[in-house]
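Lettering follows sequence order; numbering is per chain, from 1.
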2 protein chains.
Amino acid sequence: MAYHNHHSHADCIRLVPIFNHLNDEQMHLIAQSANEVQYVKNELLFRFGDKDDTLYIINNGRVRIYSLSESGREQTIRILHPGDFMGEVAVLQTEGYHSNYAEAISETSICRIHKKDLDQYLDRYPEIMRRILSDITKRLQLSEKQTVQVSIEPVEARIIDFLSENVEDEKNHTYVTLPMSKKDLATYLGTTPETISRKFSSLEERGLIKRHTQKCIEIFDLDELLFVSS
Amino acid sequence: MAYHNHHSHADCIRLVPIFNHLNDEQMHLIAQSANEVQYVKNELLFRFGDKDDTLYIINNGRVRIYSLSESGREQTIRILHPGDFMGEVAVLQTEGYHSNYAEAISETSICRIHKKDLDQYLDRYPEIMRRILSDITKRLQLSEKQTVQVSIEPVEARIIDFLSENVEDEKNHTYVTLPMSKKDLATYLGTTPETISRKFSSLEERGLIKRHTQKCIEIFDLDELLFVSS
DNA sequence: CGCCTAGTTGAAATTCGTCAAACCCTGTGG
DNA sequence: CCACAGGGTTTGACGAATTTCAACTAGGCG
């Protein structure tokens, strides 16, 4: 169960790009009106249709935003990391309702700020609004890209694209550490675990990748992989 | 070819929700720094990768924003109508590049405002930024919805959903006037013209709709239609 | 009136999801 | 330390939905 902590949250505020340009005094002021909440793994922060008027800031852990279709299939929309915020819909519109589900995918601590408090800060420090706007604009771009991918790229190209965005290099080996289970990856890429699994097998058979463990995949030739996908 | 008109554009500014809360004098000031450009049907306003630092406001006509996949397939992202704006990516980030294509789908006149001018107005009238933020937030919601639909709802459900969002009522007849060609509708719904055509035929055979002209479709029972799609 | 593009229809091919079974990894409790 | 349970993962077989290719038709504009 979520538990509330009413101690100092300056860390939380200091962490967030939308606030971290403020000076200590200003941040302290904002921290006053934030309250911290803890969630355990798999706990829901809110669900579709919930009425809410708070801004959520991730302090620690990770949160998954997803949506459900009529038929019950999930589409993961994004994963939030420490410093990210959400709930802007609720905050910017009077009478805001959540349009998605949010779930903690690990032990997570977040800060909540109520609309009425945030509104004051927005008036007093216009830079905050500028930064929120900048963040949301970036997300809009990402979301539009995701739409295009899910709609017109075949699954294999989506997987390759995802891999290429998560490569890490280590002493002439290129590999990817999957940041989530294949089950969740499937809902993120708009497909099913089975299809993900099959595509990985196919890529491995063709000598393009090698699966070391469930989460760690070696890529033999990234350029060739990207070439294959187009 | 686009031609420039340097006369008064107060109309243009007055039209736009992000500015229309200002008084006459303020709007006049902004209109000073806007310049009007005309485009003919099918003319490109900008393309992916173009560097740009202007905000575009639709004065008249319609503009289609779309994206191209590796394989050359198009995905229509949205259609802009008079009063809508675009180019926020360019305006909010220094060094902004367009991430999509924009095409006039009818004779279109737009107003352009340069970043350096807009920035002044944003500082002077914070309400403008609030409204831009509100608009972009709504678009983000729509974009996320589009992602989910395209990825997990079958084509028929997407079509029905689209129809239901575009119904007009007129003396106990419910009908829809398609705001774009079926070709473009197909790229909007993430499918092909052939599939769109087949689904419409199927819906007509089942007595749910009737095609009067290419653009005008009568809906016999909206509730039943929505029921069928779930 | 005729051309050109958009739209329609059919048949074949393909991708992908579903269902089912087997496997494997991890953590738990004996 | 091992056995077991349970979820995630893999693989196969199958079928449904959709795309592709091709041919044909219809509507709009010169």
Side-chain angles (χ1 to χ4, degrees), chain A residues 40-42 64 68-76 103 105-107 149-160 177-206 209-217 228-229, chain B residues 40-42 64 69-76 103 105-107 148-160 177-205 209-217 228-230:
Chain A
V40 299
K41 189 172 171 178
N42 297 326
R64 180 172 74 102
L68 287 180
S69 75
E70 309 267 351
S71 53
R73 260 177 75 191
E74 284 182 16
Q75 168 74 42
T76 295
E103 169 201 53
I105 54 180
S106 64
E107 192 81 10
Q149 289 213 136
V150 163
S151 127
I152 54 192
E153 305 285 5
V155 173
E156 188 175 288
R158 287 180 240 164
I159 292 176
I160 291 176
T177 306
L178 297 181
M180 54 185 131
S181 68
K182 296 219 178 78
K183 189 168 157 284
D184 286 342
L185 181 60
T187 76
Y188 183 68
L189 297 179
T191 180
T192 60
E194 292 95 325
T195 300
I196 296 268
S197 192
R198 273 185 254 278
K199 294 302 178 188
F200 273 128
S201 300
S202 158
L203 291 172
E204 192 163 21
E205 269 172 31
R206 289 185 271 159
I209 65 169
K210 172 148 182 54
R211 286 177 281 189
H212 287 286
T213 70
Q214 298 285 5
K215 291 276 163 59
C216 180
I217 294 156
V228 165
S229 83
Chain B
V40 299
K41 189 173 171 177
N42 296 326
R64 180 173 76 100
S69 75
E70 309 268 351
S71 53
R73 264 179 74 190
E74 283 181 17
Q75 168 74 42
T76 295
E103 169 201 54
I105 55 179
S106 65
E107 192 82 10
V148 174
Q149 288 212 139
V150 161
S151 126
I152 53 190
E153 305 286 3
V155 173
E156 189 173 287
R158 289 179 238 162
I159 292 176
I160 291 176
T177 306
L178 297 181
M180 54 186 134
S181 67
K182 294 218 180 80
K183 191 166 155 283
D184 287 342
L185 181 60
T187 76
Y188 182 68
L189 297 179
T191 181
T192 59
E194 292 96 326
T195 300
I196 294 271
S197 191
R198 273 184 256 276
K199 295 301 179 190
F200 272 128
S201 300
S202 158
L203 291 172
E204 192 163 21
E205 271 172 31
I209 65 168
K210 172 149 182 54
R211 286 178 283 191
H212 287 285
T213 69
Q214 296 287 4
K215 292 277 164 58
C216 180
I217 294 156
V228 165
S229 82
S230 60

Any side-chain heavy atom of [X] within less than 4.5 Å of one from [Y]?
| X | Y | answer |
| --- | --- | --- |
| A/Glu107 | A/Lys41 | no |
| A/Ile217 | A/Glu204 | no |
| A/Asp184 | A/Tyr188 | no |
| A/Met180 | A/Ile105 | no |
| A/Val155 | A/Leu189 | no |

Study note, to complete from the structure: If each end axis of the helix from C/dC1-D/dG30 to C/dG30-D/dC1 is fitted on five C1' pair positions, the angle between them, to 10 degrees, is 40°

Taking atom [atom2] of [N] as reference, at what distance in whole Å does atom [atom1] of [X] sit?
| X | N | atom1 | atom2 | value |
| --- | --- | --- | --- | --- |
| A/Lys183 | D/dG7 | NZ | P | 10 Å |
| A/Ile209 | D/dT10 | CD1 | C1' | 14 Å |
| A/Arg73 | D/dA16 | CZ | P | 17 Å |
| A/Glu153 | D/dT19 | CD | P | 14 Å |
| A/Glu205 | D/dT10 | CD | P | 13 Å |
| B/Lys41 | D/dG30 | NZ | C1' | 14 Å |
| A/Gln214 | D/dG6 | CD | P | 20 Å |
| B/Lys215 | C/dA6 | NZ | C1' | 10 Å |

In Å and rounded to the nearest 0.5 Å, what is the [atom1] to [atom2] distance from [X] to [Y]?
| X | Y | atom1 | atom2 | result |
| --- | --- | --- | --- | --- |
| B/Lys215 | B/Ser181 | NZ | OG | 6.5 Å |
| B/Arg198 | B/Ile159 | CZ | CD1 | 11.5 Å |
| A/Lys183 | A/Thr76 | NZ | OG1 | 9.0 Å |

**Study point:** A/Lys182 side chain, from C-beta outward: closest of C/dC16, D/dT9, C/dT18
**Key:** D/dT9

Check your understanding: Are B/Arg211 and C/dG7 close enough that a side-chain N or O sits under 4.0 Å from OP1 or OP2?
Key -> no

Check your understanding: OP1, OP2 of D/dG8 versus side-chain N and O of A/Ser181: anything below 4.0 Å?
Key -> no

Check your understanding: Which residues, if any, of residues 193-201 of chain A bring a heavy atom under 4.0 Å of DNA chain C?
Key -> A/Glu194, A/Thr195, A/Arg198, A/Lys199

Practice item. Taking only heavy atoms on the protein side, list every residue of residues 184-191 of chain B lying under 4.0 Å from any atom of DNA chain C, sorted numerically. Key: none

Review point. For A/Ser197, does its backbone N or O pair with a side-chain atom of A/Ser201 as donor and acceptor, under 3.5 Å?
Key: yes

Review point. Going through the distances and angles, do A/Thr187 and A/Arg64 end up as a side-chain contact (heavy atoms from CB on, under 4.5 Å)?
Key: CA-CA 11 Å; A/Thr187 76; A/Arg64 180 172 74 102; 3.7 Å; yes

Review point. Is it true that A/Arg158 and A/Glu153 have a side-chain N and a carboxylate O under 4.0 angstrom from each other?
Key: no

